[in-house]
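Just below is one structure, and these are the notes that go with it.
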Amino acid sequence: MIPPIRADRTTAVVGLSLFCLLALVLYVIGNFWLMRQEYAGEIDNITPRTARLLGFIHSEEQLAAAAHQVNQVLEEVAYFDGKDSAMTAASMQQQVREVMAAAGLSVSGSQILPRRKIEGFEQLNLNITVEGDIGSLDEAIGSLRVLRPLVLIQSVNIKPLRIRNTRRGAEKAPESEDQRMLSVRFHLLSLRLLR
């Protein structure tokens with residue numbers, strides 16, 4: 001038979017104190033272990049991001065060259081925001097009027113329409129009405145195609161222009177010239193880069 005273990009009061013207090021101290025040490029060790037696990041998880045999450053950033057740092061020159069190429073393309077396609085919207089739209093209107101006049105069309109009216117914002121750009125809208133023959137119209141459309149910054153034709157409305165003879169004795173135009181005159185209304189748009 002196993003003799004019963006009798007603990008006196010001093011042994012019980014020392015044992016209880018050692019148990020409390022051991023529980024506190026285990027609690028602290030457990031907290032440190034959980035903190036280590038959290039930090040290890042964060043390090044695992046940060047490692048790919050750090051690698052990407054290091055990749056960006058190593059390819060900085062290539063990225064700068066690509067950004068320069070993009071800016072060159074944007075300069076050909078859109079107006080930059082150096083001027084305010086109204087001045088940019090007026091500049092666009094003046095360019096288009098000059099192209100139309102150079103093609104042999106007479107401008108009978110033009111109107112700058114309200115602007116709209118779309119995905120980092122501001123869309124500049126212009127209605128312009130011109131009169132002239134079909135050859136001049138063809139030349140004007142070809143000139144608009146090469147205009148930079150880019151001017152896009154959103155819609156075209158073409159009507160024959162009626163020419164009235166004011167007197168019966170008026171001279172006839174030479175037969176070699178095409179006398180079919182047109183009235184053409186263009187709705188044009190261009191983009192202005194917003195930064």
Side-chain angles (χ1 to χ4, degrees), residues 38-159 161 178 180-195:
E38 280 183 38
Y39 290 139
E42 287 180 22
I43 288 171
D44 289 342
N45 288 338
I46 290 173
T47 301
R49 294 181 196 158
T50 307
R52 280 194 297 269
L53 287 175
L54 288 173
F56 288 144
I57 290 170
H58 291 303
S59 59
E60 180 181 2
E61 290 177 8
Q62 293 171 339
L63 290 172
H68 181 67
Q69 288 176 341
V70 167
N71 282 337
Q72 285 179 331
V73 170
L74 283 175
E75 284 176 6
E76 287 189 19
V77 174
Y79 290 92
F80 274 79
D81 62 345
K83 301 184 237 178
D84 69 343
S85 298
M87 288 180 66
T88 304
S91 173
M92 172 194 167
Q93 180 184 31
Q94 185 61 34
Q95 278 183 315
V96 170
R97 288 178 76 100
E98 288 171 2
V99 165
M100 297 295 180
L105 297 171
S106 63
V107 178
S108 60
S110 64
Q111 178 185 15
I112 297 173
L113 301 173
R115 300 169 294 278
R116 292 188 322 175
K117 291 186 179 179
I118 50 169
E119 297 180 16
F121 292 95
E122 186 174 51
Q123 180 179 325
L124 307 174
N125 296 296
L126 174 69
N127 274 347
I128 187 165
T129 305
V130 295
E131 297 172 353
D133 63 17
I134 195 158
S136 298
L137 176 63
D138 187 43
E139 184 180 336
I141 290 173
S143 297
L144 283 175
R145 190 177 326 154
V146 296
L147 195 62
R148 295 294 181 260
L150 199 60
V151 175
L152 303 171
I153 300 173
Q154 187 169 8
S155 66
V156 178
N157 185 4
I158 302 174
K159 295 180 185 175
L161 184 66
D178 188 3
R180 292 174 289 184
M181 300 295 284
L182 302 171
S183 174
V184 183
R185 182 181 179 118
F186 289 96
H187 182 96
L188 305 172
L189 65 91
S190 194
L191 297 175
R192 177 176 168 261
L193 184 65
L194 297 176
R195 290 194 183 216

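The first residue in the sequence is number 1, and the count goes up from there.
Here the side chains of Leu188 and Val96 are in contact, with some heavy-atom distance below 4.5 Å. Between Thr88 and Leu124 the shortest side-chain heavy-atom distance falls below 4.5 Å. Leu150 places none of its side-chain heavy atoms less than 4.5 Å from the side chain of Tyr79. With a 4.5 Å cut-off on side-chain heavy atoms, Leu193 and Val77 do not count as touching. Between Phe186 and Ile158 the shortest side-chain heavy-atom distance does not fall below 4.5 Å. You'll find the side chain of Asn127 reaches within 4.5 Å of the side chain of Arg185, heavy atoms only. Between Glu60 and Leu63 there is no side-chain heavy-atom pair separated by less than 4.5 Å. Counting only heavy atoms from C-beta outward, the side chains of Ile128 and Arg97 approach each other to under 4.5 Å.
Side-chain atoms of Asp133 and Ser136 form a donor-acceptor pair, as typed in the model, at a separation below 3.5 Å. Using modelled atom types, one finds a donor on one side chain and an acceptor on the other under 3.5 Å when comparing Ser110 with Gln93. A donor and an acceptor atom, one from each side chain of Gln69 and Asn71, are nowhere located under 3.5 Å apart.
Without hydrogens or angle criteria, Ser91 side chain to Met87 main chain gives no donor-acceptor distance under 3.5 Å.
Within a 6.0 Å radius of CZ in Arg148, other residues, nucleotides and ligands contribute more than 12 heavy atoms. Heavy atoms from other residues, nucleotides or ligands lying under 6.0 Å from CD of Gln62 number 12 at most.
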Check: Would Glu131 and Val184 count as a side-chain contact (heavy atoms from CB on, under 4.5 Å) if you check the C-alpha gap in whole Å, the side-chain angles of each, and the deciding distance to 0.1 Å?
Finding: CA-CA 6 Å; Glu131 297 172 353; Val184 183; over 6 Å; no

Notebook entry, point to check: Does the side-chain contact (heavy atoms from CB on, under 4.5 Å) test come out yes or no for Val107 and Thr129, once each step is laid out?
Noted result: CA-CA 6 Å; Val107 178; Thr129 305; over 6 Å; no

Next item on the list: May I have the step-by-step check of side-chain contact (heavy atoms from CB on, under 4.5 Å) for Leu126 and Gln111, ending in yes or no?
Entry: CA-CA 6 Å; Leu126 174 69; Gln111 178 185 15; 5.8 Å; no

Check: Run the side-chain contact (heavy atoms from CB on, under 4.5 Å) check on Leu74 and Gln72 step by step: do they pass?
Finding: CA-CA 5 Å; Leu74 283 175; Gln72 285 179 331; over 6 Å; no

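Of all heavy-atom pairs spanning Met100 and Ala140, the tightest one is SD-CB, 3.7 Å. Pro149 and Ala78 get closest at one heavy-atom pair: CB-C, 3.8 Å. Closest heavy-atom contact between Ser85 and Arg192: OG-NH1, 3.1 Å.
Taken to the nearest 0.5 Å, the CD atom of Glu38 stands 12.0 Å off from the CD1 atom of Ile43. Atoms OG and CZ, from Ser143 and Arg145 in turn, are 9.5 Å apart once rounded to the nearest 0.5 Å. Rounding to the nearest 0.5 Å places NZ of Lys117 at 6.0 Å from CG of Leu194. Between Leu152 atom CG and Leu189 atom CG the span is 5.0 Å, to the nearest 0.5 Å. In this structure, the separation between OG on Ser190 and CD on Gln154 is 12.0 Å, given to the nearest 0.5 Å. Rounding to the nearest 0.5 Å gives a distance of 5.5 Å between CG of Leu113 and NE2 of His187.
Between Glu122 and Arg115 there is a salt bridge, with a side-chain nitrogen of the basic residue lying less than 4.0 Å from a carboxylate oxygen of the acidic one.
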